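Each residue takes its place number in the sequence, starting with 1. Please read these numbers as outputs of a predicted model, since none were measured by experiment. Remember, it's 1-based here, ligands and their atoms both numbered in the order they're listed.
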Amino acid sequence: MSLTGLCQVCEAAAATDSCDRCGRAVCDDHWDETARACAGCAAGRG
Ligand SMILES: [Zn+2]
Ligand SMILES: [Zn+2]
């Protein structure tokens with residue numbers, strides 16, 4: 001999957017993954033590989 005644009009969480013780093021739960025594109029810092037979701041969804045806060 002190739003993404004363009006910035007992480008929709010921090011809006012500072014390039015997005016590397018998109019969350020299947022909320023659809024946000026997020027950078028590596030905000031991607032939880034274990035949960036396969038963004039940091040927000042992985043923390044259970046959507
Ligand atoms: Zn980010
Ligand atoms: Zn999410």
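- For Arg21 against Ala35, the heavy-atom pair with the smallest separation is NH2-O, 3.5 Å.
- Between Glu11 and Leu6, the closest heavy-atom pair is O-CD1, 3.7 Å.
- When all heavy atoms are compared, the tightest approach of Ala14 to Cys27 is O-CB, 3.4 Å.
- Across Asp28 and Thr16, no two heavy atoms sit closer than the pair N-OG1, 3.3 Å.
- At the Zn ion (ligand 2), the vertex angle linking SG of Cys22 with SG of Cys19 is 110° (nearest 10 degrees).
- Residues Arg24 and Gly40 share a closest heavy-atom pair of NH2-CA, 4.2 Å.
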Query raised in the report: Going through the checks in order, is the side-chain contact (heavy atoms from CB on, under 4.5 Å) test met by Asp20 and Arg36?
Result: CA-CA 8 Å; Asp20 285 341; Arg36 303 295 301 167; over 6 Å; no
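- Angle SG(Cys41) to the Zn ion (ligand 2) to SG(Cys38): 110° [nearest 10 degrees].
- Listed by chain and residue number, the protein N/O/S atoms under 2.8 Å of the Zn ion (ligand 1) are Cys7 SG, Cys10 SG, Cys27 SG, His30 ND1, with waters left out.
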